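Worksheet: one structure, shown below.
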Amino acid sequence: MLFDPEKLTAIYWYCAILGTIVFILKTALPIDSGTEIHADFNSVVDSDSSFGLFTIESVAAFFMCGGWMGWFSFGHLHYELKITMLIALVSGACGMVFFAWLIAQFRKLEHNPKPSISELSGKTGKAYMRFAPKGTGKIQIEFNSKLEILEAQNDTDCTIEAFEPIKVVKIDNGNIYISKEN
């Protein structure tokens with residue numbers, strides 16, 4: 001029989017144990033899953049910390065909650081098969097959504113101050129790439145206590161080679177204008 005009580009109890013038990021182990025290991029240990037890029041510099045970009053429903057932790061929470069509730073309702077409360085499956089699915093979905101919501105709330109606590117680009121006026125840095133006269137490119141400059149790579153425009157009629165020292169001469173409508181540092 002496919003839904004033998006012993007087999008169903010074992011399925012719930014394995015889902016609960018496996019889900020719990022994965023949930024505890026993934027939540028408690030700092031395992032880098034490669035979802036973030038770490039570098040020595042950042043660019044000024046708005047990023048949205050989205051509501052991540054299908055993460056490893058939330059799927060593990062689904063199996064953990066669903067497995068434990070299915071095992072308990074079938075093995076100890078002796079509910080019928082359909083009722084225990086419904087309880088397991090609903091409690092697993094609730095656990096998954098609750099964990100994803102909780103992580104979204106924690107992400108809101110991260111404080112990333114929004115620096116004003118106007119603070120760059122008069123600062124010095126390096127050309128990150130070659131600038132043609134009146135051309136655009138990227139500069140490397142310390143901004144908000146970090147080394148940033150930003151878009152800029154050459155404000156002079158001379159070429160600025162890569163890695164030459166530059167100076168921010170003005171900020172206009174969010175655009176950074178540079179010249180060679182003398």
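It should be emphasised that the depicted structure is a prediction, and the values quoted were computed from it without experimental measurement.
Interatomic distance, Leu150 CG to Asn175 CG, rounded to the nearest 0.5 Å: 12.0 Å. The CD1 atom of Ile103 sits 7.5 Å away from the OG1 atom of Thr55 when rounded to the nearest 0.5 Å. Here Leu77 contributes atom CG and Ile87 contributes atom CD1; the two are 7.5 Å apart, rounded to the nearest 0.5 Å. Interatomic distance, Met85 CE to Leu89 CG, rounded to the nearest 0.5 Å: 6.5 Å. Rounded to the nearest 0.5 angstrom, Ile117 CD1 and Glu148 CD are separated by 9.5 Å. Distance CG/Asp172 to CD/Gln153: 10.0 Å, rounded to 0.5 Å.
Counting side-chain heavy-atom gaps under 4.5 Å among Ile, Leu, Val, Met, Phe, Trp and Tyr, the cluster of Val90 also holds Leu86.
Panel note: side chain Thr84, backbone Leu81; a donor-acceptor pair is recorded below 3.5 Å. Under a 3.5 Å cut-off, the side chain of Asp155 and the backbone N or O of Tyr177 do not form any donor-acceptor pair.
Using a 4.5 Å cut-off on side-chain heavy atoms (C-beta onward), Leu8 and Phe74 make contact. Within the 4.5 Å cutoff, side-chain heavy atoms of Asp157 are placed close to those of Lys134. With a 4.5 Å cut-off on side-chain heavy atoms, Ile178 and Thr156 do not count as touching. In this structure, the side chains of Lys123 and Glu142 stay at 4.5 Å or more apart for every pair of heavy atoms. The side-chain heavy atoms of Glu151 and Ile176, taken from C-beta on, include no pair separated by under 4.5 Å. Looking only at side-chain heavy atoms (C-beta outward), Arg130 and Thr159 come within less than 4.5 Å of each other.
Across all their heavy atoms, Met64 and Gly19 have their closest contact at CB-C, 3.9 Å. Heavy atoms only, all atoms of each residue included: Ile160 and Ala127 are closest at CG2-CB, 3.8 Å. Residues Cys65 and Gly95 share a closest heavy-atom pair of SG-CA, 3.8 Å.
A side-chain donor-acceptor contact under 3.5 Å links Thr20 and Trp68.
Looking at residues two or more places apart in sequence or on another chain, you find no side-chain hydrogen bond (donor to acceptor under 3.5 Å, both in side chains) involving Trp71. The ring-ring contact (aromatic ring centres under 6.0 Å, His included) search around Phe99 returns Phe23, not counting sequence neighbours.
Hydrophobic clustering of Ile, Leu, Val, Met, Phe, Trp and Tyr side chains at less than 4.5 Å, counting indirect connections, unites Leu25 with Ile17.
The pair Lys126-Glu164 does not meet the salt-bridge criterion, since no charged nitrogen lies less than 4.0 angstrom from a carboxylate oxygen.
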